[in-house]
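Presented below is the structure to which this report refers.
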Amino acid sequence: MTRHTLSLLALASLAATTAHATEGMWMPKQLPQISKALKAEGLALDPASLKDLTAFPMGAVVSLGGCTASFVSPQGLVVTNHHCAYGSIQYNSKPERDLIKNGFYAATLADELPAAPGSRVLVTVDMKDVSAEILNDKTRALTGKARTDAIEATEKQLVAACEADKGHRCNVYPFFGGLQYQLIKQLEIRDVRLVHAPADMVGRFGGDADNWMWPRHTGDYSFYRAYVGPDGKPADFSKDNKPFTPKYHLKIASSPLSEGDFVMVTGYPGRTNRHRLPREVDFTFNWEHGAVVKAVGESIDLIKAETAGRRDAEIKMAARMQGLQNFYKNRNGQQASFEGSDILARKTAAFEQLKAWVNGSPERKAKYGADVAATDALLAEREAIARAEYLLGFATPSMLGSARQLYQLAQERAKPDAERKPGYQDRDLPRIRAGLQSLERRYDEGSDKRLAAHFLAKYLAQPADTLNAALLNAWGLKAGQDEASIRARLDAVYAASKLADTPTRLAWLDKDVAAFQASDDAFIRIAVALYDDEQKREARDKELAGKLQKAYAGTQQALIDFHASRGEAVYPDANSTLRISFGKVQGRDTGRDGETWTAFTTLRGIVAKKKGPDEAGGEFDAPQVQLDAIKAKQYGNYYVKSLDSVPVNFLATLDTTGGNSGSPVLNKKGELVGLLFDGTLDAVISDWDFNPKKVRSICLDARYMLWQMSVVDKATRVLDEMGMK
């Protein structure tokens, strides 16, 4: 066991006495150490049982690769957020069968629809510390690209050995900036089907206007089903496949949920940045957000303008628009919270304390000093690259992105599988194929061309000596060129490519390097012309990454040891691995005069917010059948006397972030009481700076989901399957 692992395990034991009661996205293995806090908050289960990924309830919680979900029946029925299933709803929608607008319900197993290409249900079955293997003595002695390559090679070896167990997907995840590594093994279920989704103005009620806001009245739920082959093992889609039988599934709560009740959430939070250094905070909030958010806002406006009046184009771009709008509002919320705050000052003061501690003894200075000193210059180098190149991502046409990926694949397939770059090995081919296939229903040439012309013009308006000469040569463009002439060039390129045709695009998966180099397809030709420059820039980035990994990990070790010397715990930032957070159902005083948020919203709020299809962007156009049921007070079994209605959404003091979407919210007995789907706008800064007074997660109340399914949508088969007779 390495000294790094020992330090981390020692820190975990301190967690119960030093962490705020609701703060922390805890690794399952840490839960026995915070058992006193969990019990004090109200957990009825044995905290030690939660560290077992294959036991109840952890064995019922799954990843969708970007969202969380959970099994809710013995037949592989999976519940998640509507916005997590939105890509599959969108992919199966056309103007003549508009599942986005009208929703979907499969009356029988045979009616269930294949989810979008590449959809997966991933069941975590094992986590193993592999820090000693990744950072062995040989690798520790390396720096720069050599270090990056060595880490990459070891990761591939570990993954290959893990995936020898067929039907599983394995990945190595870094913790604490590359100080620690975990090998995570997941059962990979590849046949995923759409079972039920409510109408758009139930699942997305309030749209962008209500996103990250409270009070909220959104029915953010949908259902998938996981299928396996006749032998019970993961398999590609087939009519002969059968529903997967999970070891465990969640049951709907048998007792009502009330304000003050203990709740916990299990899921796969994507990323937090609470351990980032002051320079990173400064760069993010004083440059990156301004530049990137502006570009995202422009993208949203351009797509809206280009797809207006073309419903098929709106459907094709719907999933992308949802992601852009969510990002835009989130980052603006973070920025608003940062401006005028003392976050950077506190981060800076804390870092100065760390440096003083490091320099306070010869031993600590020798151990940590060089790494702490090196990080600033290395981060400055990374920032300079980001400033120069961030527009290129916005300016790349979809088909050029596909052409570059396909040409890189052809280059890598000429090598033995073990020597290929990560992302281009045989294990990655299904993912690549699915991405190329999905463009069939997610590509609109008009929108694509308009975005590319706009952002290429912005890029070319930068100082000529900062532009990428290889890119200009490959495109036949020049510095300062106006958007009209760029658009003319794009028109010619798009017209001279056949990659927008799905069979043609997929056929390139099997072609070799020579075929690409001989091609007259315009996007293929540009991809080939850009290849050498891309390899140089990749080598540059890997050299920097290797240096930064060493320095950053050393700095994180100093941070951990500094806090340990003061008896303080340091939990790892979120990194898309399985975590648990806990808290209580609780409203909030907003700090604004006379404004207090109650813990629950009700059906009354839907009626109050209702607007017609031509008002407020149509984002509050609740279905008439739902409004009629509310007016008639058809509450079914879900009426709550204290609310005089059916609860819709609730607030909880849960520490969550993106990736937690769809996570099951459980009561003290491990029963399902809701689904996590959002946070509040004035607290999204918690990704960087946790504030227990403000942090609230917005959750769908399971009673509203059941009411909508039973009273409005008559989704009887799904309700029966979940045991809701």
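For this chain, numbers begin at 1 and follow the sequence in order.
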Salt bridge or not for [X] and [Y], using N-O below 4.0 Å?
{"X": "Asp376", "Y": "Arg279", "result": "yes"}
{"X": "Glu152", "Y": "Lys542", "result": "yes"}
{"X": "Arg540", "Y": "Glu543", "result": "no"}
{"X": "Asp491", "Y": "Lys449", "result": "yes"}
{"X": "Lys128", "Y": "Asp126", "result": "no"}
{"X": "Asp417", "Y": "Arg420", "result": "yes"}
{"X": "Arg382", "Y": "Glu280", "result": "yes"}

Report task. Could you check Gln557 against Asp561 for side-chain hydrogen bond (donor to acceptor under 3.5 Å, both in side chains), going step by step and ending with a plain yes or no? Result -> CA-CA 6 Å; Gln557 184 68 62; Asp561 292 348; 2.9 Å; yes
For the residue pair [X] and [Y], confirm or rule out a side-chain donor-acceptor distance under 3.5 Å.
{"X": "Asp129", "Y": "Ser131", "result": "yes"}
{"X": "Arg441", "Y": "Gln90", "result": "no"}
{"X": "Asp371", "Y": "Thr555", "result": "no"}
{"X": "Arg579", "Y": "Thr577", "result": "yes"}
{"X": "Thr272", "Y": "Asp573", "result": "yes"}
{"X": "Tyr224", "Y": "Ser88", "result": "yes"}
{"X": "Glu538", "Y": "Gln408", "result": "no"}

Query raised in the report: Short question: side chain of Ser222, backbone of Asn81 - any donor-acceptor pair under 3.5 Å?
Result: no
Query raised in the report: Do the side chain of Asn273 and the main chain of Arg276 share a donor and acceptor less than 3.5 angstrom apart?
Result: no
Query raised in the report: Ring centres of Phe244 and Phe71 under 6.0 Å apart?
Result: yes
**Report entry** Ile432 to Leu409 - nearest heavy-atom pair and separation
**Finding:**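 The answer is CD1-CD1, 4.4 Å.
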Requested in this report: Quick one: closest heavy-atom pair of Pro243 and Tyr227, and the distance?
Outcome: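 Pro243 and Tyr227 have their closest heavy atoms at N-CD2, 3.6 Å.
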Report task. Specify whether Phe523 and Trp475 have parallel, tilted or perpendicular ring planes, treating 30° as the upper limit for parallel and 60° as the lower limit for perpendicular. Result ->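 Correct class here is perpendicular.
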Report task. Could you label the plane-to-plane angle of the Tyr407 and Tyr531 rings as parallel, tilted or perpendicular, counting under 30° as parallel and over 60° as perpendicular? Result -> perpendicular
Report summary line: Paired with Tyr268, the side-chain contact (heavy atoms from CB on, under 4.5 Å) test is passed by just one of Leu122, Asn575, Thr124, Asn660, namely Thr124
Query - Full working for side-chain contact (heavy atoms from CB on, under 4.5 Å) between Gln182 and Val130 - result: CA-CA 5 Å; Gln182 295 272 334; Val130 292; 5.8 Å; no
